[in-house]
Amino acid sequence: MISSYMSRRAFLKSVGLAAAAIMVPAKLRADDTKKPNIVIIYADDLGYGDVGCYGATKVKTPNIDRLATEGLRFTNAHSPSATCTPSRYAMLTGEYAWRKKGTGVARGDARMIIQPGRTTLPLVMQRAGYTTGVVGKWHLGLGERGSELNWNVDIKPGPLDIGFEYCFLIPATGDRVPCVYVENRRVVGLDPKDPIRVSFDGPIGDEPTGKDHPELLKMHPSHGHNQTIINGISRIGYMSGGKAARWVDEDMADVITGKAKDFIEKHKDERFFLYFSTHDIHVPRVPHPRFAGKSGLGPRGDAIVQFDWCVGEILEALDRLNLADNTLLIFTSDNGPVVDDGYKDQAVEMLDGHKPSGPLRGGKYSAFDAGTRVPFIVRWPGQVKPGRSDALVCQIDFTSSLAALTGEKLTPDDAPDSFNILSALLGKSLAGRDHLVEHANVLSLIKGDFKYIEPGKGPKISKNTNIELGIDPQPQLYNLRDDIGEKHNIASEHPEIVEELAALLSRIRNDGRTRPYE
Ligand code: NG6
Ligand code: CA
């Protein structure tokens, strides 16, 4: 008998079943509302103003808007960084990426950035008895550091070595080779007689590049992206072989959404944690023909429509399987928006007044708020009251907060910058974080109403993307409450606040951690 003093986990451990979550009958869990299934839907480059419930009018996002009606919509939620790799690193480890070298935007052949053995978000979920999976964009490196990355054999380490039990991956990004899927440890559909070779240092094999053969392209680069041509689109990096395994961009949303739904279906009687990380709306934006032309805003808008469909498919699966009420769903994006990110896809020409950043300044790559302030909705029917929250929250807090939700303990060294903001995420408290470091080329610190951007060197506007980067040799201070668009630098009027925030930022840097010891 399970004594009332003994947790189910302790009981399972005592009879040697702790690792065998699958063996726990579904009924045991049915009414355990404390441990819902957890689904994170992670968009790529989706901006604060890109969806209807955050003010977009030109592009329709009925499924995401449905989430906002049924859930809690955050207005001051952040990705940890203004680009992909560092945001994902921080989300999965609970550590600010700027503390660790090698966490910048990863190459397509980068080795595993998160070292096996450390406490991660999926590992915490696994310990809590969840079946864990990641489907979609990875971009955190694969394979052993210091050794060759061979795509034709078992690829390890990978997600399976840091807490995920299942993975189906776009290894890096849609615009980087290798353009193949990896399921668990293997490239999907690889013909061993046609091995894959990948290089980021120089051409490999004899396949045409976008640079030399623009006549073969169906989408042309605007900057970079002129190396090996795959599916009529030139990419970052060189690749040869693996022809049968190559993805078709137009089918990508269907493929990965299908895999995410399969995972949910397969584990419907268990408790599961799914990190569903889409390619949309990153470049290259090549939606399926059934979405092409649907937004009127060109491929970028069509990619939003396609992404909204993916969200709808996940909601439909949860409804159909009767899991919606017992699933905590978090919807968000890895960084802010970019319009021209390297392909001539008419995104700039066809914006038609659509504002990807909404009222915010900057975008992807920027220290201004649009770099990291992203759409963020939490839905847990019956547990999270629908509405709006202005609490300051960050994806870096998932590890601590979900550990708290599931009764897992962290050691002092774990997740050093991850705060337990569970009550804010569940709408039970209006207060989120006390402060937050935002990460772009330079660091910023938000505390209360104020945001301090440290002085930095570099161009004010990115030549390629035309985004205001927020870099200035002088310190910047904004009052986000009065000036959400960061138009008025009030640093010279409030030197004392600048001094206080600069000192706090320097302490945060030196301390190596911000999470309070418990
Ligand atoms: C940049 C790429 C951009 C995008 C970005 C990563 C060029 C010129 N630009 O280096 O297209 O791939 O990296 O985006 O190559 S992220 O969302 O994955 O961080
Ligand atoms: Ca991104």
Side-chain angles (χ1 to χ4, degrees), residues 40-48 50 78-92 97-98 102-110 113 136-142 169-179 200-201 209-211 219-228 230 233-238 249 252 275-286 299-300 303-304 307 332-345 347-348 356-357 362-366 370-376 395 438-441 458-459 462-467 469:
I40 298 175
I41 302 180
Y42 210 51
D44 199 351
D45 297 359
L46 186 75
Y48 195 76
D50 271 328
H78 294 254
S79 61
S81 295
T83 49
C84 167
T85 303
S87 273
R88 287 157 204 256
Y89 172 87
M91 178 171 74
L92 295 186
W98 46 263
T103 57
V105 173
R107 293 192 344 178
D109 63 349
I113 293 170
K137 177 172 174 177
W138 181 241
H139 210 188
L140 287 168
L142 293 168
L169 308 176
I170 297 161
T173 62
D175 57 348
R176 283 171 175 74
V177 302
C179 300
F200 282 78
D201 300 320
T209 61
K211 182 162 176 276
M219 179 173 273
H220 292 260
S222 56
H223 51 267
H225 303 97
N226 62 359
Q227 298 169 346
T228 301
I230 312 278
I233 302 163
S234 47
R235 317 277 167 160
I236 306 173
Y238 301 94
D249 304 77
M252 191 176 264
Y275 165 36
F276 177 40
S277 165
T278 68
H279 158 71
D280 288 317
I281 61 167
H282 198 280
V283 298
R285 302 170 186 127
V286 197
R300 186 176 186 278
I304 297 176
F307 171 66
T332 188
S333 173
D334 71 336
N335 52 251
V338 52
V339 184
D340 178 353
D341 205 17
Y343 289 99
K344 290 180 184 158
D345 61 4
V348 177
S357 300
K364 180 177 179 177
Y365 310 110
S366 176
T372 62
R373 201 195 284 219
V374 286
F376 189 108
Q395 295 153 8
E438 287 182 52
H439 173 218
N441 287 303
S462 153
K463 185 166 65 58
N464 286 337
T465 61
N466 200 28
I467 288 172
L469 297 173

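In listed order, ligands and their atoms are each counted from 1. All residue numbers in this chain count up from 1 along the given sequence.
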Write out the residue and atom name of the closest protein heavy atom to [atom], then the distance separating them to 0.1 Å.
{"atom": "atom 12 (O) of ligand 1", "value": "Asp175 OD2, 2.7 Å"}
{"atom": "atom 15 (O) of ligand 1", "value": "Ile236 CD1, 3.3 Å"}
{"atom": "atom 11 (O) of ligand 1", "value": "Asp341 O, 2.8 Å"}

By number and element, which atoms of ligand 1 are closer than 4.0 Å to a non-hydrogen atom of [X]?
{"X": "Cys84", "result": "16 (S), 17 (O), 18 (O), 19 (O)"}
{"X": "His139", "result": "18 (O)"}
{"X": "Val105", "result": "6 (C), 13 (O), 19 (O)"}
{"X": "Asp44", "result": "17 (O)"}
{"X": "Asn335", "result": "17 (O)"}

Backbone of [Y] reached by a side-chain donor or acceptor of [X] within 3.5 Å:
{"X": "Ser333", "Y": "Val374", "answer": "no"}
{"X": "Ser357", "Y": "Gly362", "answer": "yes"}
{"X": "Thr85", "Y": "Ala106", "answer": "yes"}
{"X": "Arg285", "Y": "Asp345", "answer": "no"}
{"X": "Thr372", "Y": "Pro80", "answer": "no"}

Given OD1 of Asp45 on one side and OD2 of Asp334 on the other, what angle do they make at the Ca ion (ligand 2), to 10°? 150°
For ligand 1, is any non-hydrogen atom under 4.0 Å from Arg88's backbone (N, CA, C, O), its side chain (CB onward), both, or neither? neither
Structural part of Tyr365 in contact with ligand 1, heavy atom criterion under 4.0 angstrom: side chain
Are any of the N/O atoms on [X], whether in the backbone or the side chain, positioned under 3.5 angstrom from an N/O atom of ligand 1?
{"X": "Arg176", "answer": "yes"}
{"X": "Thr83", "answer": "no"}
{"X": "Thr173", "answer": "no"}
{"X": "Thr85", "answer": "no"}
{"X": "Gly342", "answer": "no"}
{"X": "His223", "answer": "no"}

Tyr343 vs His225 aromatic rings, parallel, tilted or perpendicular, using cut-offs 30° and 60°? tilted
Are the side chains of [Y] and [X] in contact, using a 4.5 Å heavy-atom criterion?
{"X": "His223", "Y": "Thr465", "value": "yes"}
{"X": "Thr332", "Y": "Ser79", "value": "no"}
{"X": "Ile113", "Y": "Thr103", "value": "yes"}

N/O/S atom of Ser333 under 3.0 Å from the Ca ion (ligand 2), yes or no? no
Carefully, step by step, assess Asp249 and Arg235 under the rule salt bridge (Lys or Arg N to Asp or Glu O under 4.0 Å). CA-CA 12 Å; Asp249 304 77; Arg235 317 277 167 160; 2.8 Å; yes
Any side-chain donor-acceptor pair under 3.5 Å between Asp175 and Thr173? yes
Shortest-distance N, O or S atom of Asp44 relative to the Ca ion (ligand 2): OD1
For atom 2 (C) of ligand 1, the option (of Lys137, Lys364, His225, Arg107) bearing the nearest heavy atom: His225
Does Asn464, at its CG atom, have more than 12 non-hydrogen atoms belonging to other residues, nucleotides or ligands within less than 6.0 Å? yes
